[in-house]
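Heads up: the structure comes next, in structure tokens.
Note that the structure is predicted; figures quoted are calculated from it, not measured.
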Amino acid sequence: MLKQLIYRLGSNPKLSLKRFFRGLALFVLAVIFIVVGYYSHYSLQVIGLVILAPALFFAFWGYAGIFANRFSQVLKNIPSKNNDPDLWK
């Protein structure tokens with residue numbers, strides 16, 4: 001079950017990279033709002049915090065897809081242990 005989830009998450013690495021960059025761009029935008037709100041009106045900080053939640057979600061989702069793609073390539077290269085059931089060989 002975990003292997004299927006890893007393969008499904010890592011099946012489209014270009015889309016995962018897009019998601020990660022979108023999340024990163026939203027994160028930068030949120031930080032800009034928070035910093036500007038610190039020096040001016042507090043409502044800009046609230047807007048920055050609201051933007052921060054989807055930014056972290058998209059960045060994590062994209063990074064998980066990128067990681068799953070790399071990890072699925074590692075899983076493909078691991079030989080199966082069930083080929084030879086003889087333990088004393």
Path from [X] to [Y] over hydrophobic side-chain contacts below 4.5 Å:
X	Y	answer
V31	Y39	yes
F60	L15	no
I32	V46	no
V36	F33	yes
L52	I47	no

Y63 atom OH, neighbour heavy-atom count above 12 within 6.0 Å: no
Tell me whether the count of non-hydrogen atoms from other residues, nucleotides or ligands lying under 6.0 Å of CD in Q4 goes above 12. no
Which heavy atom of [X] sits nearest a heavy atom of [Y], and at what distance?
X	Y	value
A30	G48	CB-O, 3.3 Å
I51	L26	CG2-O, 3.6 Å
S16	G65	OG-CA, 3.4 Å
A55	F27	CB-N, 3.4 Å

Mind checking whether F21 and L17 have side chains closer than 4.5 Å, heavy atoms only? yes
First locate atom [atom1] of [X], then atom [atom2] of [Y], and finally report the distance between them rounded to the nearest 0.5 Å.
X	Y	atom1	atom2	value
F67	I6	CZ	CD1	7.5 Å
N12	K18	CG	NZ	8.5 Å
L49	L44	CG	CG	11.0 Å

What is the ring orientation for F57 with W61, classed by angle as parallel under 30°, tilted 30 to 60°, or perpendicular over 60°?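 F57 vs W61 ring planes: tilted.
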